[in-house]
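Taking it in order: structure first as structure tokens, then the write-up.
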Amino acid sequence: MRLVRYRAGAGVRSGAVVAVEGADRVVDLGDAPLTEVLSIGRDAAPDTLAEAAASAPLLADVVLEPPVRPGKILCLGYNYRGHVPDSVDPTADDPAFPDVFVKTPNTLGGPSDPVVVPAVADDVDYEGEIAVVIGRRAKDVSEADAPAHVAGYTILNDVSDRSWQRRQSQWAMGKCFDGFAPLGPWLVTPDEAGDPQDMLVEVVRDGVVTVSQSTATTIFPVASVVSYLSSVMTLEPGDVISTGTPQKLPEAQEAHRPLRPGDAVTVRIERLGELTTTFIGGPA
């Protein structure tokens, strides 16, 4: 099931996306966060949802918000084989532990929100990633139990400025400009998303595929990451774990050009859909 948060009047509502005669419509599920209405959508009979969808607004006519408002956005670096830091041999042994960093709350953006290219950032780049949404509080959970704590999956574009990343040993300044974490367009529940270690992740820029790699090549799978993080901190419903990006294709690396106002990037992930982000200039 695909679940969204969308603007309605002066507020924000949760909804289920239901296809009716080839068109996606949004069935209202109330104003509670998605992690609280999951059971409503799951327990609703298909014919009940279809009946409600017949008179529901078209998905194309609503403005989507981020599917969740996470208390924590936790991200992984170099989690795909072949994607390594500069000067590191891409054929070297896998790291022993995940490389974890944080994106701060100001980075969160909706699926249709443009990203402002900051005037002080001169090497803005994109990273298309599968984002795991926590559905149940998780603390010290085993790998075997970790999937039961996942509400579903969505897409995150880990927008980054490489020049600010290179200024210091920590990545925070390059990762945490306002709006640098577009999220969406929806949350896909695990029953529909299927195996998170068997999805194709692709990124398209200027009509060209610049990233194409399967999650089968990740070093640390979702269950392992959830378990690992929960050994340090309590993961709360709505928290997001972004699982890393594959390396760009060789020709895309050679033709690298920083993102500029007017550019657009689409992240498309098998069974999760697409997230398109446009980049604009800031105030004069």
Side-chain angles (χ1 to χ4, degrees), residues 1-70 108-114 128-136 147-148 150-157 182-196 198-204 207 209 215 222 237-238 240 264-278:
M1 179 172 292
R2 294 172 294 165
L3 300 172
V4 296
R5 292 283 284 171
Y6 65 101
R7 298 177 199 170
V12 178
R13 309 282 290 180
S14 290
V17 179
V18 179
V20 179
E21 297 180 352
D24 284 335
R25 294 183 177 272
V26 180
V27 177
D28 181 70
L29 296 179
D31 58 4
L34 289 186
T35 51
E36 295 180 17
V37 304
L38 274 173
S39 59
I40 299 174
R42 286 173 174 164
D43 295 342
D47 56 346
T48 301
L49 283 176
E51 182 178 346
S55 57
L58 289 167
L59 177 64
D61 292 339
V62 303
V63 178
L64 296 180
E65 291 281 306
V68 290
R69 291 276 172 183
L108 184 68
S112 60
D113 294 340
E129 309 190 2
I130 294 174
V132 180
V133 178
I134 298 298
R136 291 172 48 204
V150 174
Y153 304 90
T154 186
I155 302 172
L156 184 140
N157 187 342
L183 187 72
W186 40 56
L187 181 151
V188 181
T189 53
D191 58 313
E192 186 165 322
D195 184 358
D198 184 23
M199 293 179 178
L200 180 63
V201 177
E202 292 191 318
V203 181
V204 180
V209 175
T215 56
V222 168
V240 166
V265 171
T266 296
V267 182
R268 61 189 186 202
I269 300 178
E270 190 174 7
R271 301 189 301 278
L272 298 187
E274 296 185 352
L275 172 67
T276 296
T277 301
T278 57

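Note that these values count all heavy atoms, side chains included, but never hydrogens, waters or copies made by symmetry. None of the values given here were measured: they were computed from a predicted structure.
- The distance from the CD atom of E129 to the CD1 atom of I269 is 8.5 Å, given to the nearest 0.5 Å.
- At a threshold of 4.5 Å between non-hydrogen side-chain atoms, the residues D24 and R2 count as touching.
- The CD atom of E36 sits 9.5 Å away from the CG atom of D31 when rounded to the nearest 0.5 Å.
- Shown here for G273 and I155, the closest heavy-atom pair between the two residues is O-CD1, 3.4 Å.
- Dense packing is recorded around CD of E192, with more than 12 heavy atoms of other residues, nucleotides or ligands lying under 6.0 Å away.
- Looking only at side-chain heavy atoms (C-beta outward), M1 and L49 come within less than 4.5 Å of each other.
- Here the shortest heavy-atom pairing between A151 and L187 reads O-CD2, 3.7 Å.
- In this structure, the side chain of S14 engages the main chain of A32 through a donor-acceptor pair within 3.5 Å.
- The line from OG1 of T189 to CG of L38 is 7.5 Å long, rounded to the nearest 0.5 Å.
- For the pair T215/P196, no side-chain contact is recorded, criterion being any heavy-atom separation below 4.5 Å from C-beta on.
- Here D61 contributes atom CG and R25 contributes atom CZ; the two are 8.5 Å apart, rounded to the nearest 0.5 Å.
- With sequence neighbours excluded, no residue forms a salt bridge (charged side-chain N to carboxylate O under 4.0 Å, His left out) with D195.
- If you take CG on L64 and CZ on R5, they are separated by 11.5 Å, rounding to the nearest 0.5 Å.
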For this session: I would like to know whether V240 and L108 meet side chain to side chain contact (heavy atoms under 4.5 Å, CB included); could you show each step before the answer?
Result: CA-CA 11 Å; V240 166; L108 184 68; over 6 Å; no
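- Between P111 and P66 the shortest heavy-atom distance is CD-N, 4.0 Å.
- Between T35 and G135, the shortest heavy-atom contact is CG2-CA, 4.4 Å.
- Side chain of T266 to backbone of T276: no donor-acceptor contact under 3.5 angstrom is found.
- Between P182 and D113 the shortest side-chain heavy-atom distance does not fall below 4.5 Å.
- Side-chain N or O atoms of W186 include none that pairs as donor or acceptor with a backbone N or O of A16 at under 3.5 Å.
- Of the listed residues (L200, V201, V209, L275), just one forms a side-chain contact (heavy atoms from CB on, under 4.5 Å) with R268, and that residue is V209.
- In this structure, the side chains of L29 and L3 come closer than 4.5 Å at one or more pairs of heavy atoms.
- Across all their heavy atoms, A193 and Y153 have their closest contact at CB-CD1, 3.7 Å.
- Residues meeting the side chain to side chain contact (heavy atoms under 4.5 Å, CB included) test with A54, sequence neighbours left out: none.
- Between R271 and D198, the shortest heavy-atom contact is NH2-O, 3.0 Å.
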Problem set entry | Derivation of the side chain to side chain donor-acceptor pair (under 3.5 Å) call for Y6 and D28 | CA-CA 9 Å; Y6 65 101; D28 181 70; 3.1 Å; yes
